[in-house]
Amino acid sequence: MTGVLGLDIGGSKTMALRAEDGVVVAQARAGSANLASAGVQEAGRQLDLVLQRVDGYGVRAVCAGAAGADTPEGRARLRDLLAERLPDAMIHVVHDSELLLAAAGLDDGVALISGTGSVAWGRHGDRSVRAGGWGYLLGDQGSGYWVAREAVCRALARVDRGLPEDALGRALAAECGLRSTEQLLDHFYNHTDRRYWARRARIVFELAEAGDPSCRGIVDEAVAALAELVETVTGRLSFAGPVIAAGGLVVHQPLLQRELRRTLAECGVHDLRMLDTDPVSGALRLAQRLADRTSHRLEE
């Protein structure tokens, strides 16, 4: 058994990398195996698919980073699912934010995710701290879903006040194939997939870049929320970074990056980097580290 396997289990997809002797030999993608959003049966089905595609046979060590793996109970449930499929492998389950530092080749730092959801996690020495990651019902401020929901709320508020459609309302309605801003209310409740709305967050940034004041206000609130996550982690760790950012929103929105960089610098955090590789490579690195530690113990 020489293989090591890294898994990145997000809210929309599962990514896998398998390596032999430090060389990647297989990679695969499947649907989300996230227990919180997909459920046990569907998560198991997606794990079966991705393990089949990378050939799970002979895997010695596995690291799985999963969105929502916040509690010991949640990590244990995912570990059990993996152990059923890889009974001879050593298995390590972490929150997906931990993959960012490993993917960036760092041991210490702060990871910030702003995609469909939002969370920050940091490590300095033997201490680690997390902020946010509460999910869309309780938090996820500064995420793609949050930005789009705020935009819908502001557009509908104009309807309530009897005001004419503005650029934001018209753009959202058109993007959703609707005839009017007023139709956004039913449309929002009929389309509950958070990814659907997160993909529409780009409208807010396009209009903000064009000078729309309402959209600029949403962007400013998103920046403040993400900066607060980072400040919470750096404050508790007494550590100023670097901060490694990932997730579809922050990676693909230059305005968000610029304003976040400026806001963090005002708080003494000057090293913000966009992750330039896939987070699953961090899972593979952690799996290899697990295998190496075990080998060293056996040699001793």
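When a residue number appears, it is its place in the shown sequence, counting from 1.
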Is the backbone of A120 close enough, under 3.5 Å, to the side chain of S97 for a donor and an acceptor to pair up by distance? no

Do D140 side-chain atoms and S143 backbone N/O form a donor-acceptor pair below 3.5 Å?
no

Margin query: So L185 and V159, do their side chains get closer than 4.5 Å, heavy atoms only?
Written below: no

Shared hydrophobic cluster for M15 and V4 (ILVMFWY, side-chain gaps under 4.5 Å): yes

Is there a path from L49 to L17 through hydrophobic residues (I, L, V, M, F, W, Y) whose side chains come within less than 4.5 Å of each other?
no

Rounded to the nearest 0.5 angstrom, the CE-CG distance for M90 and L290 is 4.5 Å

*asked:* Any salt bridge linking E266 with R262? Criterion: basic side-chain nitrogen under 4.0 Å from a carboxylate oxygen.
replied: yes

Nearest heavy-atom contact between A30 and V50 is CB-CB, 3.9 Å

Taken to the nearest 0.5 Å, the spacing of D126 CG from R123 CZ works out to 10.5 Å

Margin query: Any salt bridge linking E221 with R154? Criterion: basic side-chain nitrogen under 4.0 Å from a carboxylate oxygen.
Written below: yes

Do the non-hydrogen side-chain atoms of I9 and L47 ever get within less than 4.5 Å of each other?
yes

- Query: Does E231 CD have over 12 foreign heavy atoms under 6.0 Å away?
  - Reply: yes

Open item on the list: Any side-chain to backbone donor/acceptor pair from T234 onto A240? Under 3.5 Å, distance only.
Closed with: no

Original post:
Quick one: does D166's side chain have a donor or acceptor within less than 3.5 Å of a partner on G169's backbone?
Top reply: yes

Minimal heavy-atom distance between D48 and R85, with the atoms involved, is OD1-NE, 2.6 Å

Heavy atoms of G10 and N34 approach each other most closely as O-CB, 3.7 Å

Heavy-atom check, side chain of V280 versus side chain of Q27, under 4.5 Å
no

In short, R130 meets R236 closest at the heavy-atom pair O-NH1, 4.2 Å

Shared hydrophobic cluster for L5 and L286 (ILVMFWY, side-chain gaps under 4.5 Å):
no

Lys/Arg-Asp/Glu bridge criterion (N-O < 4.0 Å) met for R285, D292: no

Original post:
Does R170 use its side chain to pair, donor to acceptor, with the backbone of E165 at less than 3.5 Å?
Top reply: yes

Next item on the list: Examine L101 and V233 and state if one hydrophobic cluster contains both, with Ile, Leu, Val, Met, Phe, Trp and Tyr joined whenever side-chain heavy atoms are less than 4.5 Å apart.
Entry: no

- Item | Side-chain donor/acceptor of T14 to backbone N/O of G31, under 3.5 Å | yes

Donor-acceptor pair between Q253 and Q257 side chains, under 3.5 angstrom: no

hydrophobic_cluster_shared for M274 and L229, side chain cutoff 4.5 Å | yes

Under the side chain to side chain contact (heavy atoms under 4.5 Å, CB included) criterion, do L7 and L82 qualify, and how do the steps go? CA-CA 11 Å; L7 295 170; L82 288 168; 3.7 Å; yes

Result for side chain to side chain contact (heavy atoms under 4.5 Å, CB included) between L260 and one of V243, V230, L226 points to L226

Backbone N or O of V147 within a donor-acceptor pair of the E150 side chain at under 3.5 Å? no

Rounding to 0.5 Å, atoms CD (E259) and CG (D220) come to a distance of 6.5 Å

Open item on the list: If you define the side chain from C-beta out and look only at heavy atoms, does anything of H191 sit under 4.5 Å from F188?
Closed with: no

What one should report as the nearest heavy-atom pair of L86 and V62 is CD1-CG2, 3.6 Å

query = Does L172 offer a backbone N or O that forms a donor-acceptor pair with the side chain of R200 under 3.5 Å?
reply = no

Open item on the list: Could you check whether atom CD of E42 has more than 12 heavy atoms from other residues, nucleotides or ligands sitting under 6.0 Å from it?
Closed with: yes

Original post:
Can you find a pair of side-chain heavy atoms, one from L100 and one from W121, that are under 4.5 Å apart?
Top reply: no

- Message: Between R289 and D107 (salt bridge meaning N to carboxylate O under 4.0 Å), is one present in this structure?
- Response: yes

Next item on the list: Could you please spell out the steps behind the side chain to side chain contact (heavy atoms under 4.5 Å, CB included) verdict for V219 and V204?
Entry: CA-CA 8 Å; V219 172; V204 174; 4.1 Å; yes

| Counting N and O atoms only, with roles assigned by atom type, does the side chain of H252 sit under 3.5 Å from a partner on the main chain of G248, one being a donor and the other an acceptor? | yes

| request: Decide, yes or no, whether a salt bridge links R199 with E175 under the criterion of side-chain N to carboxylate O below 4.0 Å. | output: no

Item to check | Side chains of D96 and D8 in contact at under 4.5 Å (non-hydrogen atoms) | outcome: yes

* To do: Would you indicate whether the side-chain heavy atoms of P242 and L106 approach each other to under 4.5 Å?
  => yes

Taken to the nearest 0.5 Å, the spacing of F205 CZ from R216 CZ works out to 10.0 Å

- Is there a side-chain contact between R195 and K13, using heavy atoms and a 4.5 Å cut-off? no

dist S118:OG -> L112:CG (nearest 0.5 Å) comes out at 8.0 Å

d(L249 CG, S114 OG) to nearest 0.5 Å is 4.0 Å

Closest non-hydrogen contact found for A33 with A43 is O-CB, 3.3 Å

